[in-house]
Amino acid sequence: MSTHTNINMSTAVSNCAADLNSEPIPFPNTDTSIKKSVLFVPLNEKWLLTIPEAAAYFGVGQNRISELALQDGCKFVVFVGAKKLIKRKKFEEFLNEQYAI
């Protein structure tokens, strides 16, 4: 025994189009007006800089800073996992002592 349902295709298409044009239903217990605030800290006030930040701040290429950071006895690098961070003041001192890098 089979049951056949007669569906009017134009009605189904118009219902689908109406659903697409309607406003989204918000999730319960969420407030979309609350945004996480991100504090902006100028580079000259940061203790640790990422490689791109250090390159922009000091005018030295990213690859060169990465190479210097991997040298034995490097005192201006901190590893956070695999991420290299540059100690800004220590790198300034390092650059002040260098004739060429």
Show me the side-chain donor-acceptor pairs of residues 85-96 shorter than 3.5 Å, one per line, residues at least two apart or across chains.
{"from": "Arg88", "atom 1": "NE", "to": "Lys46", "atom 2": "O", "distance (Å)": "2.7"}
{"from": "Arg88", "atom 1": "NH1", "to": "Glu92", "atom 2": "OE2", "distance (Å)": "3.2"}
{"from": "Arg88", "atom 1": "NH2", "to": "Asn44", "atom 2": "O", "distance (Å)": "3.2"}
{"from": "Asn96", "atom 1": "ND2", "to": "Glu92", "atom 2": "O", "distance (Å)": "3.3"}

Quiz item: When clusters are formed by joining ILVMFWY residues with side-chain heavy atoms under 4.5 Å apart, either directly or through shared neighbours, do Leu48 and Phe58 land in the same one?
Solution: no
Could you pull out every donor-acceptor pair under 3.5 Å between side chains of residues 61-84 and any protein atom, sequence neighbours left out?
{"from": "Arg64", "atom 1": "NH1", "to": "Glu67", "atom 2": "OE1", "distance (Å)": "3.0"}
{"from": "Ser66", "atom 1": "OG", "to": "Gln62", "atom 2": "O", "distance (Å)": "3.2"}

Quiz item: Apart from Leu39 itself, which Ile, Leu, Val, Met, Phe, Trp or Tyr residues share its cluster (side-chain heavy atoms under 4.5 Å, direct or through members)?
Solution: Val41
